[in-house]
There are 2 protein chains.
Amino acid sequence: MITDMARQARYDRPTLLNKAISLFWDRGYHGSSMKQIEQALDLRPGSIYAAFGSKDGLFAEALATYADQGRLELMGYLESSESIVDGLQTYLRAMAGTASASADKPARACMIIKTLLESSRTHPELAGQAEQILADVRKALAEALEQAKMAGELADHTDCERLARLIQAQIVGLRSMAERGLSPEELTELASDVSAILDAYRARH
Amino acid sequence: MITDMARQARYDRPTLLNKAISLFWDRGYHGSSMKQIEQALDLRPGSIYAAFGSKDGLFAEALATYADQGRLELMGYLESSESIVDGLQTYLRAMAGTASASADKPARACMIIKTLLESSRTHPELAGQAEQILADVRKALAEALEQAKMAGELADHTDCERLARLIQAQIVGLRSMAERGLSPEELTELASDVSAILDAYRARH
DNA sequence: CGCGTTGTTGAGCGATCATTCAAGAAAGGA
DNA sequence: TCCTTTCTTGAATGATCGCTCAACAACGCG
């Protein structure tokens with residue numbers, strides 16, 4: 001018979017996951033040791049393994065959580081703007097600020113891409129998860145673009161799947177460049193140039 | 001007194017480096033163990049350490065060699081074409097073929113970017129080397145663009161440093177996308193779209 | 001206050017990590 | 001042929017890897 005909960009865990013799972021995200025995002029999968037994870041989560045190995053099963057399990061859940069947050073952010077930009085293309089451009093420009101280095105948080109590329117590039121030949125499971133996330137994002141982008149086309153924002157002959165792929169490549173490139181020591185001004189200019197690419201796809205009035 | 005060379009090494013250093021490049025490019029720094037390096041180079045640890053000093057030393061030299069080869073390839077495209085912008089576009093389109101997966105060689109993103117993203121917070125020396133290479137490439141790109149502007153290929157108001165940054169972001173994005181399971185057609189389309197971005201910067205006649 | 005249950009702890013597991021080095025093998029000069 | 005020098009070999013090093021588990025601590029319940 002299922003009985004009472006004899007003792008409640010001291011930790012808060014979402015908080016734990018955000019700490020894990022921060023560490024893995026910084027150092028990658030291979031670059032984060034269990035010792036560092038224990039320190040970051042302030043948890044002893046037994047508790048970590050009870051909660052997440054393995055280092056792989058923790059990483060996978062952290063990556064999924066990161067992806068959810070990123071998806072939410074993108075969707076926020078798309079929905080808060082009247083025009084989808086405008087929202088997309090605002091999102092791209094905002095990334096220069098988000099990704100830029102500051103006192104508390106260093107500049108970091110997208111964790112999905114970092115994971116894909118690190119693990120594609122060493123850790124197929126993780127790579128597969130990263131690819132799936134990228135495929136989902138691209139699909140969401142394509143659907144938004146399709147809406148934009150319906151609304152007359154984009155030229156009629158626009159291939160939305162193809163444009164979604166181009167935009168995803170832009171996001172990947174822009175965010176990867178952010179991992180370098182680029183100045184905020186340089187990054188802002190770059191984001192602006194990237195965002196301007198979309199103008200070529202707008203419907204002519 | 002300096003005397004004779006009693007015994008010549010059995011290996012050929014450039015060949016060794018190319019084998020190391022292949023392994024590190026696939027698996028990254030942390031993902032390549034000395035055991036795998038020994039196997040890839042068909043050399044015992046003593047010889048490896050005698051020749052390169054350390055795993056770090058071998059990686060650094062492999063990365064530098066890779067960068068030289070990549071620089072040579074880019075310059076080849078720029079110099080073989082009458083127009084610099086045409087050469088750049090050809091280069092971008094060719095990358096879809098180069099980076100695409102084939103029977104013998106899998107699809108791989110740029111090793112410089114992979115190194116930067118993997119080591120920026122775990123291995124500052126390597127990250128610094130990768131950043132330096134990226135800075136050099138960008139400088140070379142900017143100089144080529146300056147030439148193109150002189151030749152009237154680009155609009156007079158073009159900011160070549162800034163455009164070089166945009167092009168580098170395109171290369172990074174395109175090559176990173178290649179690490180995914182994208183089909184050759186999708187990659188070709190993407191490369192074509194990326195290359196078309198440059199048209200907006202051409203001088204109007 | 002036991003009792004059962006569940007979370008926490010940290011020493012310690014075997015495996016693998018990068019690296020070293022004494023001993024052997026291969027070449028040229030005498 | 002022997003000596004010297006250089007390269008090769010592979011067992012062994014200490015450190016660290018991800019992970020386990022028996023002992024202990026905290027809670028709800030009767």
Side-chain angles (χ1 to χ4, degrees), chain A residues 1-17 19-21 23-24 26-63 115 118-119 121-127 129, chain B residues 1-17 19-20 23-24 26-63 115 118-119 121-126 129:
Chain A
M1 177 182 281
I2 287 127
T3 60
D4 52 352
M5 307 243 296
R7 189 179 174 181
Q8 57 180 343
R10 272 203 352 274
Y11 53 76
D12 174 61
R13 197 177 179 91
T15 303
L16 239 49
L17 281 170
K19 287 178 178 174
I21 286 173
L23 177 68
F24 284 135
D26 258 5
R27 308 184 56 86
Y29 177 83
H30 287 113
S32 307
S33 71
M34 278 307 297
K35 194 146 292 185
Q36 293 169 322
I37 294 171
E38 293 168 30
Q39 193 171 352
L41 305 192
D42 190 27
L43 235 52
R44 262 37 65 197
S47 298
I48 298 174
Y49 280 84
F52 300 102
S54 66
K55 183 188 173 186
D56 291 53
L58 174 58
F59 190 95
E61 198 164 332
L63 188 64
T115 300
E118 181 188 356
S119 67
R121 308 237 88 80
T122 59
H123 224 125
E125 296 174 13
L126 286 185
Q129 187 183 349
Chain B
M1 176 181 282
I2 286 131
T3 59
D4 52 350
M5 306 243 296
R7 188 179 174 181
Q8 57 181 345
R10 272 204 351 273
Y11 53 76
D12 174 61
R13 198 178 179 88
T15 303
L16 239 48
L17 281 170
K19 288 178 178 174
L23 178 68
F24 284 135
D26 258 6
R27 310 184 55 87
Y29 177 83
H30 287 111
S32 307
S33 71
M34 279 305 299
K35 193 147 295 189
Q36 293 168 324
I37 294 171
E38 293 167 32
Q39 192 172 351
L41 304 192
D42 191 25
L43 234 52
R44 262 39 63 199
S47 299
I48 297 174
Y49 279 84
F52 301 102
S54 65
K55 182 187 172 184
D56 291 54
L58 173 59
F59 190 95
E61 198 165 332
L63 188 64
T115 300
E118 181 187 357
S119 66
R121 309 237 88 82
T122 59
H123 225 127
E125 297 173 12
L126 285 185
Q129 187 185 350

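Sequence lines set the chain letters: A, B, ... in the order given, protein chains first and strands last, and positions in each chain run from 1.
- If you take OH of A/Tyr49 and C1' of C/dG10, they are 14 Å apart, rounded to a whole angstrom.
- The shortest distance between side-chain heavy atoms of A/Leu58 and A/Leu17 falls below 4.5 Å.
- Looking at residues two or more places apart in sequence or on another chain, you find a ring pair (Phe, Tyr, Trp, His ring centres under 6.0 Å) between A/Phe24 and A/Phe59.
- Rounded to a whole Å, the NZ atom of B/Lys55 is 14 Å from the P atom of C/dT20.
- Taken residue by residue, residues 28-46 of chain B places heavy atoms nearer than 4.0 Å to DNA chain C at B/Ser32, B/Ser33, B/Met34, B/Pro45, B/Gly46.
- Annotation: salt bridge (Lys or Arg N to Asp or Glu O under 4.0 Å) contacts involving residues 51-61 of chain A, sequence neighbours excluded, comprise A/Arg13-A/Glu61.
- Note on residues 44-53 of chain A: pairs passing side chain to side chain donor-acceptor pair (under 3.5 Å), not counting sequence neighbours, are A/Asp42-A/Arg44.
- Counting to the nearest Å, the C1' atom of D/dG18 and the CZ atom of A/Phe59 are 15 Å from each other.
- Considering only residues two or more places apart in sequence or on other chains, B/Phe52 meets the ring pair (Phe, Tyr, Trp, His ring centres under 6.0 Å) condition with none of them.
- One atom, OH of A/Tyr11, and another, C1' of C/dT9, lie 14 Å apart when rounded to the nearest Å.
- Taking only side-chain nitrogens and oxygens, A/Ser47 never comes nearer than 4.0 Å to OP1 or OP2 of C/dG7.
- Residues satisfying the ring pair (Phe, Tyr, Trp, His ring centres under 6.0 Å) test with A/His30, not counting sequence neighbours, are none.
- Positionally, the nearest nucleotide of DNA chain C for A/Ile48 lies more toward the 5' end than for the other of B/Ser54 and A/Ile48.
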